[in-house]
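One structure is given below, encoded as structure tokens.
We count residues from 1, following the sequence as given. Whatever order the structure lists them in is the order used to number ligands and atoms, beginning at 1.
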Amino acid sequence: MGKTLIVYYSLEGHTREIAEIMAKEITAETLELKPLKDISPGALKYMTGGSQVVKKSTPKLQAYDVDFNDYDLIIIGTPVWAWTYTPAIRTFLTKERIAGKKIALFCTNRGGEGSTLEAMKKELTGNQIVSEISFRTKKEDKEINQKKVLDWLQEIKINK
Ligand SMILES: Cc1cc2nc3c(=O)[nH]c(=O)nc-3n(C[C@H](O)[C@H](O)[C@H](O)COP(=O)(O)O)c2cc1C
């Protein structure tokens, strides 16, 4: 099995938590995308975050030093914002133009994933999407998700 990289963005930690369970389980490396100026996680987040999505914003990210060619599988994770993927992930997909890779996708949400995974796949043509999954992250989902993550990792290994 080659190396796996988990690329994700997380405003409030739900996506990070899932990415970290994965990283630990399959000893993968992680790349957390961090906008230089992120939205504030307070009460106005739906407005500010939602408006970034509508404007198709591509916020500048903190620099990272990763050679994507080093990895056999790239797992990309995003929270759902306004029924699609987050601006930081848009920056990543636009800037990196990943091609010829095995990719697995996951999103976290409150039950309304909308077109998130489909929209990400459109930006990733030229890659092989080996699997995709959506996690609902309400409080009561925490335990279910821990098992769901592990089951999904098994599935990815089979699909690889
Ligand atoms: C700006 C914003 C927009 C959101 N839009 C949606 C949505 O359309 N559908 C949904 O189910 N959850 C939505 N959510 C909830 C998040 O997707 C969910 O809480 C996610 O797990 C947060 O991940 P994080 O903790 O890694 O940031 C939204 C959250 C924010 C901050």
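Residue contacts with ligand 1 for Ser10 involve both N, CA, C or O and side-chain atoms from C-beta outward (heavy atoms, distance under 4.0 Å). With a 4.0 Å heavy-atom cut-off, ligand 1 is reached by the side chain of Thr137 but not by its N, CA, C or O.
A salt bridge between Glu143 and Lys139 is absent, with no side-chain N of the basic residue lying under 4.0 Å from a carboxylate O of the acidic one. Classification of Glu12 and Lys45 as a salt-bridged pair holds, one side-chain N sitting under 4.0 Å from a carboxylate O.
Within the listing of ligand 1, atoms 7 (C), 8 (O) sit less than 4.0 angstrom from a heavy atom of Trp83. Each of the following atoms of ligand 1 lies closer than 4.0 Å to a heavy atom of Arg110: 10 (C), 11 (O), 12 (N), 15 (C), 18 (C), 19 (O). In the vicinity of Thr15, heavy-atom distances shorter than 4.0 Å reach the ligand 1 atoms 23 (O), 24 (P), 26 (O). For ligand 1, the atoms closer than 4.0 angstrom to any heavy atom of Glu12 are 24 (P), 25 (O), 27 (O). Those atoms of ligand 1 with a heavy atom of Gly111 less than 4.0 angstrom away are 11 (O). Near Leu11, with a cut-off below 4.0 Å to any heavy atom, the atoms of ligand 1 are 24 (P), 26 (O), 27 (O).
Checking Glu29 against Tyr71 by side-chain atom types alone, a donor-acceptor pair falls below 3.5 Å. With 3.5 Å as the limit, one finds a donor-acceptor pair spanning the side chains of Thr108 and Thr15. In this model, a donor atom of one side chain and an acceptor atom of the other lie less than 3.5 Å apart for Thr86 and Thr78.
Considering backbone and side-chain N/O of Ile39, none are found under 3.5 Å from N/O of ligand 1. Checked by distance only, ligand 1 and Val80 come closer than 3.5 Å through their nitrogen or oxygen atoms. The shortest N/O to N/O separation between Gly49 and ligand 1 does not fall below 3.5 Å.
Note that the CG atom of Asn145 and the OG1 atom of Thr137 stand 7.5 Å from one another [nearest 0.5 Å].
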Would Glu113 and Arg136 satisfy salt bridge (Lys or Arg N to Asp or Glu O under 4.0 Å), going step by step from the backbone distance to the final call? CA-CA 9 Å; Glu113 70 176 90; Arg136 203 184 67 173; over 6 Å; no

side-chain hydrogen bond (donor to acceptor under 3.5 Å, both in side chains) between Thr116 and Trp83, worked out: CA-CA 6 Å; Thr116 307; Trp83 305 281; over 6 Å; no

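Residue contact annotation: Gly114 has no non-hydrogen atom under 4.0 Å from ligand 1.
Ranking protein heavy atoms by distance to atom 22 (C) of ligand 1, first place goes to Pro79 CB, 3.8 Å. Looking only at heavy atoms of the protein, atom 25 (O) of ligand 1 is closest to His14 ND1, 2.6 Å. The protein atom (non-hydrogen) at minimum distance from atom 29 (C) of ligand 1 is Tyr46 CE2, 3.5 Å. When hydrogens are left out, the protein atom nearest atom 20 (C) of ligand 1 is Thr108 OG1, 3.2 Å; that is the closest non-hydrogen contact. In terms of protein heavy atoms, atom 5 (N) of ligand 1 is closest to Ala82 N, 3.0 Å. Remark: minimum distance from atom 31 (C) of ligand 1 to any protein heavy atom is reached at Trp81 NE1, 3.6 Å. For atom 1 (C) of ligand 1, the closest non-hydrogen atom of the protein is Lys45 O, 3.3 Å. In terms of protein heavy-atom proximity, atom 9 (N) of ligand 1 is closest to Gly112 O, 2.8 Å.
No donor-acceptor distance shorter than 3.5 angstrom exists from the side chain of Lys101 to the backbone of Gly126, with no hydrogens or angles considered. When atom types are taken as modelled, the side chain of Asn127 and the backbone of Gly100 share a donor-acceptor pair closer than 3.5 angstrom.
For the residue pair Lys122 and Thr125, the shortest heavy atom distance occurs at O-CG2, 3.7 Å.
A centroid separation of 6.0 Å or more is found between the aromatic rings of Phe92 and Tyr8.
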